[in-house]
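To start, the structure under review is shown below, and the notes come after it.
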Amino acid sequence: MSKNVLVVGSINVDYVINTDRLPKLGETITGRDFAMNFGGKGANQAAALAKAGCSVKMLGAVGTDMSGELAVKNLESYGIDASSVLRSEGPTGAAVITVCGGDNHIILDVGANGTVTPEVIAANESLFDWADILVMQYEIPTESVLAAAKMAHEKGKMVILNPAPVKEVTKELYQYIDLIIPNEFEAQLITGITPEDNASAKEVIDALCALGCKNALVTLGIKGCAYIVDGDVHYTGVFKVKAVDTTAAGDSFIGGLCAKICDGWNMDDAVEYASATSAIAVSRPGAAASIPVAEEVREFMANNKISKKAALE
Ligand code: RIB
């Protein structure tokens, strides 16, 4: 039976424009294919979990503007229980995204996400009783991430943290984390070590565990990811696809991974599923909408091979 996952995190609307190059400071250039998409790292990860078949509840906040209601409806359309999402006076979180050559730049105004305070966490304790697993990121106040991690940990729930966008946090947080999933940039800022080969990837993971996290997986962009199984570092490559829009690449990976951890898969298989989820997501435009459902991932995996790796080059 699938496990219950609580996502405590951000809900944004993404304002996206495609461009062949980025403007210089003070310069205006013409882009194309403007789109307003539903995003937010929390909402995207919740969408990926629900699309993979998990039972998902979301705790977060939207504004009292029109886009807030639409964002909640979008979560519900994926089968996510969004009944605890607050409506806070002011705007919904907004991300201005430029997609350039398949990659992106993001500027975020957290808006209503900033109102997910530790008091909101305390007032929603019943969600933590319901959940088996808690999934979080850093687009809500970090004091609230700490409060939620502590509450879930004290109730014996598994706590998974995607430290994105990376922030200074109290070291206390790490002791409540069962699995931390940074990308290489975030891992470097947290540990001071760049994961560029076998030895440094292991050092990064060891450093994250030395901070207090029970386990760590570092995503490495087109190089795949590195993680520990029974004390050994494992590396997994990527499924090769043409990247159209990398927005939610990490979120879809994390959602897919957590979903398969919930299903009791071993890490190697869960990572492969997560990589396939992310590969499909980057091959289409958008954030939450680009994330595939389980059936699409299964079909993709049947027709495509991941590049297996014995080492990080
Ligand atoms: O991780 C991608 C997300 O980051 C986007 O959807 C945007 O909302 C930003 O939060």
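When a ligand or atom number is given, it counts from 1 through the structure's own listing order. Numbering of residues begins at 1 and proceeds along the displayed sequence. Values below: every heavy atom of this structure, side chains too, minus hydrogens, waters and symmetry copies.
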Do the charged groups of [X] and [Y] touch, with an N to O distance under 4.0 Å?
| X | Y | value |
| --- | --- | --- |
| R32 | D20 | yes |
| K167 | E186 | no |
| K157 | D132 | no |
| R284 | E296 | yes |

Using a strict cut-off of 4.0 Å, indicate which atoms of ligand 1 neighbour a heavy atom of [X].
| X | answer |
| --- | --- |
| G40 | 5 (C), 6 (O), 7 (C), 8 (O), 10 (O) |
| A95 | 7 (C), 8 (O) |
| D14 | 5 (C), 6 (O), 7 (C), 8 (O) |
| N44 | 2 (C), 3 (C), 5 (C), 6 (O) |
| E139 | 4 (O), 9 (C), 10 (O) |
| G39 | 6 (O), 8 (O) |
| D251 | 1 (O), 2 (C), 3 (C) |
| A287 | 6 (O) |

query: Which protein heavy atom lies closest to atom 4 (O) of ligand 1, and at what distance to 0.1 Å?
result: K41 NZ, 3.2 Å

T247-ligand 1 polar pair, N/O distance under 3.5 Å: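 No, T247 has no N/O under 3.5 Å of an N/O on ligand 1.
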
field: Residues clustering with L108 (ILVMFWY side chains joined when closer than 4.5 Å, directly or via others)
entry: V110

- line: Partner of D33 under side chain to side chain contact (heavy atoms under 4.5 Å, CB included), picked from V16, N18, I17, D245, is N18

task: Apply the test side-chain hydrogen bond (donor to acceptor under 3.5 Å, both in side chains) to residues N37 and D14: give CA-CA distance (whole Å), side-chain angles for both, the deciding distance (0.1 Å), then the verdict.
output: CA-CA 5 Å; N37 296 325; D14 295 348; 5.7 Å; no

